*Asks:* 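The structure is given below, and queries will be raised subsequently.
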Amino acid sequence: EMSGLLRGFLGAGLCVRDVVQQIGLAAAQGDGHILLRQGVVNRGDDFCLGGDAQSGMPDGHGIAEGHPLQHGGILRLLPQRLERNGERGNLHPQGIVDFLARYRDAFRPGALVWDVCGVKTAILEAAQVLPGTVDFIGCHPMAGTEFSGVEHAFAEMFRDSHFLLVPRDDSRPEHIALLERLAAYIGCKDVCRTTAQAHDALIAYTSQMMHLIAVSVCDDPELFQCRGFEGSSFRGCTRVAALDVGLWTQLFSLNQPALLAAVDRLLDNLQSYRDALASGNRAALAEKLAHSAARKREMDLPGPDLLA
């Protein structure tokens with residue numbers, strides 16, 4: 001998700017802290033020039049996996065000669081843009097699945113492959129095609145903005161954010177430890193280990209449903225009449241609505257069962273509030289509001305304020 005954005009954030013965060021000399025990035029065509037201009041990478045850095053024939057990749061998007069993958073290094077898989085028949089497309093979560101299948105035999109024994117995709121069950125299942133000598137660990141830094149593209153990257157994006165880690169049963173302890181250290185280096189406040197199923201169920205609620213709420217609010221026929229009447233609550237609620245359609249179509253679809261369950265719970269809650277409002281019973285409405293407000297105060301979710 002947020003292909004160029006997360007790619008740039010990780011590149012910037014790592015380079016600012018000077019902790020990784022070589023790391024494989026599934027980079028969009030043209031992103032290299034932006035990363036160079038912003039000082040995220042230096043000329044000669046081995047940062048690009050994926051691109052066109054001019055970038056030295058076989059078949060336009062293969063593994064480059066001299067890539068750290070060929071020397072037992074680590075490879076991070078991110079959504080990647082490709083040029084096909086003159087059209088620019090996005091290699092989103094399904095592209096990661098296809099990439100792993102296509103290049104399963106190209107990974108050096110002992111290599112660590114990891115991703116930052118917003119769904120994990122489908123990706124971890126796809127990683128089963130990798131040889132037993134190649135480790136795969138799912139990752140998901142809980143950070144982002146409403147903007148897309150590497151040009152919006154900044155090094156402090158991950159400060160005080162959560163880093164979700166989804167290792168396999170046979171993941172090597174030293175690889176898990178490496179990614180935990182990396183999370184600390186880029187500024188994450190903690191690392192939460194979980195399973196693919198638990199990740200997808202919770203992310204359906206905390207992330208994907210929030211995006212569905214945002215786009216649903218923007219489908220209201222009154223949207224364009226509200227200029228001058230909107231406040232911070234409206235802007236906050238709709239902040240992520242101008243999303244990457246291709247990316248979020250895949251994220252929603254690949255996590256359909258968990259997302260449907262979350263949406264059904266939301267619809268039940270909305271219906272309950274509608275019933276309380278329609279009843280005209282102010283005491284019942286106040287009781288319900290007090291219950292919800294108390295749950296929010298108990299949850300008390302501190303975190304980076306990206307709206308500041």
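Since the model is a prediction, treat every value here as computed from it, not as a measurement.
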*Asks:* Are the side chains of Asn269 and Ser292 in contact, using a 4.5 Å heavy-atom criterion?
*Replies:*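 Side-chain contact under 4.5 Å: no.
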*Asks:* Less than 4.5 Å apart, any side-chain heavy atom of Gln128 and any of Leu100?
*Replies:*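 In short, these two side chains do not touch, never coming nearer than 4.5 Å.
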*Asks:* Quick one, Phe234 and Leu223 - any side-chain contact, counting heavy atoms below 4.5 Å?
*Replies:* yes
*Asks:* Flag yes if Leu260 and Leu267 sit in one hydrophobic cluster, no otherwise; membership is Ile, Leu, Val, Met, Phe, Trp, Tyr, and two members link when side-chain heavy atoms are under 4.5 Å apart.
*Replies:*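 Not linked; separate clusters.
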*Asks:* Same cluster for Leu212 and Val245 if Ile/Leu/Val/Met/Phe/Trp/Tyr side chains link at under 4.5 Å?
*Replies:*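 Linked within one cluster.
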*Asks:* Does some side-chain heavy atom of Thr194 sit less than 4.5 Å from a side-chain heavy atom of Leu202?
*Replies:*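 No, their side chains stay 4.5 Å or more apart.
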*Asks:* Look at the side-chain heavy atoms of Ile, Leu, Val, Met, Phe, Trp and Tyr, link any pair under 4.5 Å apart, and say whether Leu266 and Val217 land in one connected group.
*Replies:*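 Yes, it is one cluster - the side chains of Leu266 and Val217 are joined through contacts under 4.5 Å.
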*Asks:* Please round to the nearest 0.5 Å and tell me the distance separating atom CD of Gln94 and atom CG of Leu247.
*Replies:* 13.0 Å
*Asks:* Would you check if the side chain of Asn255 reaches a backbone N or O of Val119 as a donor-acceptor pair within less than 3.5 Å?
*Replies:*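 The answer is no, because no donor-acceptor pair under 3.5 Å joins these two groups.
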*Asks:* What are the two closest non-hydrogen atoms of Val166 and Ala196, and how far apart are they?
*Replies:* CG1-N, 3.4 Å
*Asks:* Looking at side-chain heavy atoms only, is the closest gap between Pro93 and Asp115 below 4.5 Å?
*Replies:* no
*Asks:* Go through the steps to decide whether Phe99 and Tyr103 satisfy the test ring-ring contact (aromatic ring centres under 6.0 Å, His included), and finish with yes or no.
*Replies:* CA-CA 6 Å; Phe99 182 95; Tyr103 294 106; 4.7 Å; yes
*Asks:* For Gln250, is there any backbone N or O sitting under 3.5 Å from a side-chain donor or acceptor partner on Ser253?
*Replies:* no
*Asks:* What residues, two or more places apart in sequence or in another chain, satisfy salt bridge (Lys or Arg N to Asp or Glu O under 4.0 Å) together with Glu222?
*Replies:* none
*Asks:* Is any side-chain heavy atom of Phe136 closer than 4.5 Å to one of Leu124?
*Replies:* yes
*Asks:* So Val116 and Pro141, do their side chains get closer than 4.5 Å, heavy atoms only?
*Replies:*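 Of all side-chain heavy-atom pairs linking Val116 with Pro141, at least one is under 4.5 Å.
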*Asks:* Stepwise, does the side chain to side chain contact (heavy atoms under 4.5 Å, CB included) test hold for Leu289 with Tyr273?
*Replies:* CA-CA 9 Å; Leu289 287 168; Tyr273 265 106; 3.6 Å; yes
*Asks:* Sub-3.5 Å donor-acceptor pair from the side chain of Gln208 to the main-chain atoms of Leu259, do we have one?
*Replies:* no
*Asks:* To the closest 0.5 Å, what do you measure between CZ (Arg274) and CG (Leu270)?
*Replies:* 11.0 Å
*Asks:* Side chain to side chain contact (heavy atoms under 4.5 Å, CB included) for Cys192 and Phe163? Distances and angles first, verdict last.
*Replies:* CA-CA 6 Å; Cys192 178; Phe163 192 91; over 6 Å; no
*Asks:* Under a 4.5 Å cut-off applied to non-hydrogen side-chain atoms, are Arg108 and Val134 in contact?
*Replies:* no
*Asks:* Check for a donor-acceptor pair, side chain of Thr238 on one end and backbone N or O of Ala241 on the other, with a separation under 3.5 Å.
*Replies:*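 Here the side-chain-to-backbone pair does not exist.
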*Asks:* Measure across Gly118 and Ile203 and return the closest heavy-atom pair with its distance rounded to 0.1 Å.
*Replies:*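 It is O-CG2, 3.7 Å.
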*Asks:* Within this structure, what is the CG-CG distance for the pair Leu179 and Leu112, rounded to the nearest 0.5 Å?
*Replies:*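 Between atom CG of Leu179 and atom CG of Leu112 there are 5.5 Å.
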*Asks:* Of all heavy-atom pairs between Met210 and Val240, which one has the smallest distance, and what is that distance?
*Replies:* O-CG2, 4.4 Å
*Asks:* Quick one: side chain to side chain donor-acceptor pair (under 3.5 Å) pairs with a partner in residues 279-289, sequence neighbours left out?
*Replies:* Ser272-Lys288
*Asks:* Applying side chain to side chain donor-acceptor pair (under 3.5 Å) between His140 and each of Lys120, His162, His199, report the one that passes.
*Replies:*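 Testing each of Lys120, His162, His199 against His140, the sole residue satisfying side chain to side chain donor-acceptor pair (under 3.5 Å) is His199.
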*Asks:* Within the distance-only criterion (no hydrogens, no angle test), does the side chain of Arg193 pair as donor or acceptor with the backbone N or O of Leu165 below 3.5 angstrom?
*Replies:*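 Absent.
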*Asks:* Measure from the side-chain N and O atoms of His211 to the backbone N and O of Ser207, and report whether any donor-acceptor pair falls under 3.5 Å.
*Replies:*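 Yes: the side chain of His211 pairs with the backbone of Ser207.
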